[in-house]
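Side chains included, hydrogens not; waters and symmetry mates left out as well; all remaining heavy atoms used. Lettering follows sequence order; numbering is per chain, from 1. Keep in mind that this is a model prediction, so the values were computed, not measured.
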Number of protein chains: 2
Amino acid sequence: MSKQRFTPLLRELAHCFQTFELLSGRHIRSLGLTPSQFDVITALGETNGMNCGDLGERALITKGTLTGVLDRLEQKGLVQREESPGDRRSIIVHLTPEGLSLFTQISSQHLKYLNTAFNKLDDEFIGSMTTQLALLRGILQQHAEISPVNTTFSR
Amino acid sequence: MSKQRFTPLLRELAHCFQTFELLSGRHIRSLGLTPSQFDVITALGETNGMNCGDLGERALITKGTLTGVLDRLEQKGLVQREESPGDRRSIIVHLTPEGLSLFTQISSQHLKYLNTAFNKLDDEFIGSMTTQLALLRGILQQHAEISPVNTTFSR
DNA sequence: TATTGTTATACTCTATAACTATA
DNA sequence: TATAGTTATAGAGTATAACAATA
């Protein structure tokens, strides 16, 4: 019945996403990071450290998996684990100076890398597209919270 | 310089896609498939069989990895490998009747699952958003072909 | 020589469940 | 009892390089 109404949007969303990921993923790998590691670095770079629970939720990584990802990033000297002052069960993860430096470098390189592509878009398009994406995300996010398929957190 | 111009779009694009993936990925897992397996099933369902090279390119999976993914799908009885009539090095992969049935079931369920979310969008929004995504994808795709980071195919 | 797909290798991600130490 | 993070386990994806069969 109402299927057909948004099927093209869904298909295009997935297709566009896939292309973006191809482009973006190539660059991430060339920097020596996995997508998950990149997600963690980005999450930490945009905030000023967070505990594992919040970090996992933000980067879409379950807690068991996150431990391994953090181990590897710590081994590379990019992140650091510190005791939380309030709760002795909790741990605060934050970027080391090297991690922060990589984050800023990544951001700038990532933008530069995509620059030539996005150059072709005019301001009006960019503005309207951004607004629409934000609206769409809001709806998706609301839906994600309201109707999970199962109780456990999974991608 | 021109960084700031499209930074919000980039951020929103990544954020929106991440949310979409969370929602979509949950459903895929609940069907007993991995994301890669889902990509393969989808690619095969939308066409009528293809060789490994094209399939890998479409699903963003390198050839070495694809062999393993196909093995598992074949083991589940969802896909089948057949000799290519023209080129004896090549192989045609296609869905089995069970695979095809799963594909149609998935498509319909996937749409039904996302229905409540997309219900809230009006026709004008859907149309404009679809057009913009297609335009953006075209640009990204062109960029992906023109300026790869390295020669090897990677996500 | 080049291409198609497989094999081999080593690493990372993944979910899940059991575990510890705190609360 | 509940929560935060780790550990253990088994499976899947990942890139890469070497390989066999065919072109």
Side-chain angles (χ1 to χ4, degrees), chain A residues 21-22 25-41 49-57 59-76 78-93 148-155, chain B residues 21-22 25-41 49-57 59-76 78-93 148-155:
Chain A
E21 236 196 1
L22 167 66
R26 268 185 195 165
H27 183 230
I28 291 168
R29 294 240 174 234
S30 79
L31 292 170
L33 294 177
T34 66
S36 289
Q37 289 170 5
F38 179 80
D39 288 346
V40 168
I41 297 282
M50 39 199 326
N51 65 21
C52 291
D54 293 343
L55 186 54
E57 200 170 336
L60 296 184
I61 300 175
T62 47
K63 57 180 185 175
T65 306
L66 186 59
T67 300
V69 175
L70 289 179
D71 286 346
R72 274 159 233 125
L73 286 175
E74 206 169 25
Q75 203 178 331
K76 291 182 183 179
L78 297 175
V79 309
Q80 203 168 1
R81 286 185 246 224
E82 277 187 6
E83 290 176 5
S84 175
D87 188 336
R88 289 218 319 243
R89 294 170 304 180
S90 189
I91 275 185
I92 304 297
V93 188
V149 168
N150 45 37
T151 28
T152 60
F153 172 76
S154 64
R155 271 194 113 135
Chain B
E21 232 196 2
L22 166 66
R26 267 186 196 165
H27 182 231
I28 290 169
R29 296 240 174 233
S30 80
L31 292 170
L33 295 177
T34 67
S36 290
Q37 289 171 5
F38 179 80
D39 288 346
V40 168
I41 297 281
M50 39 200 326
N51 66 18
C52 290
D54 293 344
L55 185 54
E57 201 169 337
L60 296 184
I61 299 175
T62 47
K63 57 181 184 176
T65 306
L66 185 59
T67 299
V69 175
L70 289 178
D71 286 347
R72 274 160 233 125
L73 286 174
E74 206 170 25
Q75 202 177 331
K76 291 181 182 177
L78 298 176
V79 309
Q80 201 167 3
R81 286 186 247 225
E82 277 187 6
E83 291 176 5
S84 174
D87 188 336
R88 289 219 317 245
R89 294 170 304 179
S90 190
I91 275 183
I92 305 295
V93 188
V149 168
N150 44 37
T151 28
T152 61
F153 172 74
S154 64
R155 268 192 118 141

Review item, nucleotides 21-23 of chain D N/O atoms under 3.5 Å of protein N/O:
from	atom 1	to	atom 2	distance (Å)
D:dA23	OP1	B:R88	N	3.0

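The side chain to side chain contact (heavy atoms under 4.5 Å, CB included) test applied to A:K76 returns A:L33, A:Q37, A:L78, not counting sequence neighbours.
Nearest nucleotide to the side chain of B:Q37, out of C:dC13, D:dA12, D:dT14: D:dA12. Relative to the side chain of A:T67, the nucleotides C:dT16, D:dT7, D:dA15 differ in distance, and D:dT7 lies closest. Candidate nucleotides C:dG5, D:dA15, C:dT14 were compared by shortest atom distance to the side chain of B:T62, and D:dA15 ranks first.
Residue B:R29 has no polar side-chain atom (N or O) positioned under 4.0 Å from OP1 or OP2 of C:dT14. For the OP1/OP2 pair of C:dT14 and a distance below 4.0 Å, the side-chain nitrogens and oxygens of A:S36 include at least one atom meeting the criterion. Regarding contacts with the backbone of C:dC13, a side-chain N or O of A:T34 is found under 4.0 angstrom from either OP1 or OP2.
Shown are B:I61, B:I28, B:L60; of these, the side-chain contact (heavy atoms from CB on, under 4.5 Å) with B:S36 is made only by B:I61.
The residue A:G53 sits close only to the backbone: its heavy atoms come under 4.0 Å of sugar-phosphate atoms, none of a base. Counting non-hydrogen atoms under 4.0 angstrom, B:S90 reaches the backbone sugars and phosphates but no base.
Between the CD atom of B:E57 and the C1' atom of C:dT3 there is a distance of 14 Å, rounded to whole Å. Atom CZ in A:R72 sits about 13 Å away from atom C1' in C:dA10, given to the nearest Å. As rounded to whole Å, 18 Å separates atom P of D:dT9 from atom NZ of A:K63.
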